[in-house]
Amino acid sequence: MEKNIIEIKNLKVRYENIQALNNATLNVRKGECVTIVGANGAGKSSLLKAVMGFNKTDEGNIIFNNQNIENLPTYKRAALGISFVPEGARVFPKINVLGNLLLGAYKEKDKEKIIERLDYIYSLFPRLKEREKQLAGTLSGGERQMLAMARALMGKPLLLMMDEISLGLMPKLVDMVFEVVEELHKSGITILLSEQNAHKAAEVADRIYILELGKITKETDKEGLLNDPYIKKAYLGK
Amino acid sequence: MGDYLTTLLITVGIYTILSLSLNIIVGYAGQISLGHAAFWAIGAYSFAVLTTKYSIPFVEAAFFSIVITTLVGIFLGLPSLRVSEDFLAITTIGINFIVQGIFNSFDYFGGAMGIGNIPFPTMHGDMISNNTFLFITYLLVALTIIISYIFKVSWAGLASFAIKDDELAADVSGISPVIFKLLSFAIGSALAGLAGILYASFMGFISANDFSFPVSVAILAMVMVGGEGTILGPIFGAFLLILLPEFFRPIHSYRMFLYGILLVLMMIYQPNGFFGKKGIVWSMIKKS
Amino acid sequence: MEHDKKILEVCNITKQFGGLKALNGIDFSIGDGEIFGIVGPNGAGKTTLFNIISGVLKPTNGSIIYKHKNITKLGAYKRARLGIGRTFQVVRPFAHLSVEENVLAAYGIRFYYNPLTSFLKYNTDKHKKNVDDILKMVGLYELKDRVSNELPLGFQRRLEIARALAVNPKIILLDESFSGLSFSEIESIKKLVVDLNKRGITIIIIEHNMPVIMELCQRVLVINYGKKIALGSPEDVVNNREVIEAYLGKKYN
């Protein structure tokens, strides 16, 4: 079995009155695609943000590549190889597509490598190549989501985290975005997703965690997810 | 009561009215204003001109001064309908300089010399005592508090708070941003005009420099330090910022410097003010 | 059209933003009591259309007729007072107000029309009771004292509906009110929509969640690049070749 890229142990995060994460424990192994499924307010975003360092963790450990990172600032975590695509496709609207992508590769000094990387990205997202010179703010919702993912990939992350990538996208784009996720998974990138849509989670994930009220209540695989009576009732509506 | 103390308390009272009036514009309707001294000036100058140049009796002059300030307030509130918050801040600074500039340069307003011989209130032909003036000032402070309170607990207040939070959402919920923004500017400037009358009458002499931009900043500081949107906050802010430099004489000349530091510290540690949400004073009151 | 009484007519609406035609000659009408769906790719102009119906934007060309009255020139708040309520795709609660105050703020327009009467107290028992009823209807009654921006998204979406209901609407525009919600939350909002419709409220829904559209709507309008590409029953629309190509990506089943 591959070794853990990230291990989260008994993580607790509290906002003013709300215990967002309450002893959340989970791990992602190298090359895996893991999805966190949960309802609104279950703590999915809080978890990803805590890993990225946007939220202060009150208790617990985050071990990334054999190193404790829970006390590191966000930019250092990014430098170690964690990339995060937040909910709602945040791109730099006044910068063109190419510029957005290059900003994602700020760590890389070698021009050749950047060009190589860019070619790879464009092969994954041919649409972005077409819109290379267009300002990111003028892209459609789906294109922006792709740009946000592509920019995260430009940094050659060891772990790519994405929060609700299908939110607000039309059916055609939802399918497209998840196809890209599968593509990335196949190419060996380690992925941690959060998702409301359990059907979609089942399509792409090797393993699925169910997050409820800040706690991991279940760990399962594709078949387990689709056959578990509780999950069926609460998340699949059958 | 000694003259010094009376004067000090009247000053505090006038600034309390000013900070409460600005609070209606900034704290209730969310329209940032960095030029509140302009409305204060318009009230004071209207009163000075009407009484000294046209010999209009005290009460009538006071009434017309408030009407004038209110109308100008509504007029100067118009930019708030068009520009976003940061532009409004800059626009209101501009308004402060323009108003001060007009009073400073036109002979009609006394120019750089200002206007003197502004009448003090009289009763049965005799000038009232300073203590009576103090009493009247605090009656008007009470009136301002009552108006602030009624505004706050009425639907107009709720509608203003809604606009402050999200103008577009308020608009589609049937709440007219135009009406309630202008309403807050009207009431806020009317009360500033009232403070202007008190000031002009008490001092007997005014000049444009009394109403400069730093004064506007000081009034805003009173609102923010106390807690915008609350009623106790701006009152507390006025008392604190006027009395503190008085009790510590050595720092008096560094007053603006002190206000600046206080504002910065507040924004970092108590962004909602002492009486605002999570403010230390408010938390203590709630606990007890 | 099965509803012969028209409540809203969107007549030849065009909206130009600089060089971009966000809407281009959109034309349809909605019957009183209908549940009407609007779908289309991201960026097709759906929300712009809602903005024009609710008065947030003025069209470059064309007109909006509501209950046989031309309202094209009326501001948003006047349309709300006439009975057009709406929600937003990205929720916009009055963040610092409680749930109850959010609804009371909108509810007040029923009584406090002018600046002078607006200084009356709003939280009288009678008004509070009516607001309680609205909150119970959308399932927020237990949370009425909570500050609205602390609520999870599912409840904020309900709050938007409650606020739209507070204006006593004849029409409610729901802009992706199902988006980002879990299965059970979607179910309960579906039920709410059906309930409201039974009370005689006409409902227009923008939504990407096709099962929701299929189940709730009597008719569906599809727009792409600001133009109408299909209008008809949900079944007709999902089998339309152009719709499949531009929007669904594959055949809907």
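Please read all numbers here as calculations on a predicted model, not as lab measurements. Chain letters run A, B, ... following the sequence lines, proteins first and then strands; every chain starts at 1.
Note that the CH2 atom of B:Trp155 and the CG atom of C:Asn123 stand 13.5 Å from one another [nearest 0.5 Å].
For chain B, the nearby parts of C:Leu97 are the backbone and the side chain; heavy atoms of each come within less than 4.5 Å. The parts of B:Ala162 that come within reach of chain C are both its backbone and its side chain, each placing non-hydrogen atoms under 4.5 angstrom from that chain. C:Ala105 touches chain B through backbone and side chain together, each having a heavy atom under 4.5 Å away. Proximity to chain B (any heavy atom under 4.5 Å) is shown, for C:Arg92, by both the backbone and the side chain. Contact of C:Leu82 with chain B is not made at all, since no heavy-atom distance falls under 4.5 Å. No part of C:Pro169 comes within reach of chain B, as not one of its non-hydrogen atoms sits under 4.5 angstrom from that chain. With a threshold of 4.5 angstrom between heavy atoms, B:Lys164 does not approach chain C through any atom at all. Interface residue B:Ile175: backbone and side-chain heavy atoms are both found under 4.5 Å from chain C.
By the neighbour-count criterion of 12 heavy atoms within 6.0 Å, atom CZ of B:Phe135 is sparsely surrounded, having that number or fewer from other residues, nucleotides or ligands. In this structure, B:Asp86 places its CG atom where more than 12 heavy-atom neighbours from other residues, nucleotides or ligands lie under 6.0 Å away. Counting non-hydrogen atoms of neighbouring residues, nucleotides and ligands closer than 6.0 angstrom, the OH atom of B:Tyr149 reaches no more than 12 such neighbours. Heavy-atom contacts from other residues, nucleotides or ligands closer than 6.0 Å to NZ of C:Lys170 number more than 12.
When the side chain to side chain donor-acceptor pair (under 3.5 Å) test is applied to C:Arg158, the partners found at least two apart in sequence or on another chain are C:Ser188.
In this structure the side chain of B:Ser173 reaches within 4.5 angstrom of the side chain of C:Arg163, judged on heavy atoms. Put simply, the side chain of B:Leu168 reaches to within 4.5 Å of the side chain of C:Phe88, judged on heavy atoms.
Checked against C:His96 for a side chain to side chain donor-acceptor pair (under 3.5 Å), the options B:Asp165, B:Asp166, B:Asn272 give a single hit: B:Asp165.
Per-residue heavy-atom pair counts under 4.5 Å with chain B were compared for C:Thr117, C:Asn149, C:Leu104, and the maximum is reached by C:Leu104. Looking only at heavy-atom pairs under 4.5 Å with chain B, the residue among C:Gly85, C:Gly108, C:Ser118, C:Ala80 that has the most is C:Ser118.
When the heavy atoms of residues 180-194 of chain B are compared with those of chain C, the residues falling under 4.5 Å are B:Phe180, B:Leu183, B:Ile187, listed by number.
Ring centers of B:Phe151 and C:Phe119: under 6.0 Å apart, within the cut-off.
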Show the numbers, then the answer: is there a side-chain contact (heavy atoms from CB on, under 4.5 Å) between B:Asp171 and C:Tyr77? CA-CA 5 Å; B:Asp171 204 358; C:Tyr77 77 96; 3.3 Å; yes

